[in-house]
Amino acid sequence: MAQEPMARYRPEEFKPGPVGESDEDLARAAGQIASTIFHPVGTARMGADVAAIVDPRLRLRGFQGIRVIDASIMPTITSGNTNSPTIMIAEKGARMILEEMRRI
Ligand SMILES: Cc1cc2nc3c(=O)[nH]c(=O)nc-3n(C[C@H](O)[C@H](O)[C@H](O)COP(=O)(O)OP(=O)(O)OC[C@H]3O[C@@H](n4cnc5c(N)ncnc54)[C@H](O)[C@@H]3O)c2cc1C
């Protein structure tokens, strides 16, 4: 941007700003401004197999009275964003708890 023909507009770098020009300078600047937007899911996978952490009713296998009701039970990540499916999991999980409370 410092070259002609842009120089006459006196553009100023906004981000990351004047950090230097070496590869090391730029790598350091990237590390300071970058952040992850990973959508981690599936650390307590739901399933009917022996390796699943929770069963299809979200109960922690091998324990009584503990459920996992969040994005961690997704067997695989959704193709779209994860917030709405997480709300759906919460709604279904709440309904499962109420159903079982009514039976007691
Ligand atoms: C940067 C970013 C952007 C995103 N943007 C979108 C988007 O635009 N649209 C979309 O659909 N999804 C988006 N997501 C994903 C969405 O936010 C998650 O999928 C969703 O919040 C998962 O809900 P959760 O309840 O499973 O986990 P979380 O929302 O992470 O809730 C976990 C909760 O547990 C608490 N906690 C953790 N450890 C403990 C502990 N030991 N004791 C007590 N509490 C604890 C945490 O503080 C947190 O409140 C985004 C995620 C990130 C990181």
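Any value given below was found using the heavy atoms of this structure, including those in side chains, with hydrogens, waters and symmetry copies removed. Since the structure is predicted, the reported quantities are computational estimates derived from the model, not experimental observations. Indexing begins at 1, ligand by ligand and atom by atom, following the structure's order.
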Next on the checklist: I'd like to check the salt bridge (charged side-chain N to carboxylate O under 4.0 Å, His left out) partners of D49; sequence neighbours left out, ordered by chain and number.
Outcome noted: R45
Checklist entry - With sequence neighbours excluded, what pairs up with D55 under the salt bridge (charged side-chain N to carboxylate O under 4.0 Å, His left out) test? => result R59
Next on the checklist: Show the nearest heavy-atom pair for residues A71 and P40, with the distance to one decimal.
Outcome noted: CB-O, 4.5 Å
Checklist entry - Protein residues near ligand 1, heavy-atom distance below 4.0 Å? => result F38, H39, D70, A71, N81, T82, N83, T86
Checklist entry - If you draw a 6.0 Å radius around CD in E99, do more than 12 non-hydrogen atoms from other residues or ligands fall strictly inside? => result yes
Item to check | For V54, the rest of its hydrophobic cluster, which grows through side-chain links under 4.5 angstrom | outcome: V41, M46, I53, L58, L60, F63, I66, V68, I69, I73, M74, I77, M88, I89, M96, I97, M101
Item to check | Test item: R95 and L98 side chains (from C-beta on) under 4.5 Å apart, heavy atoms | outcome: no
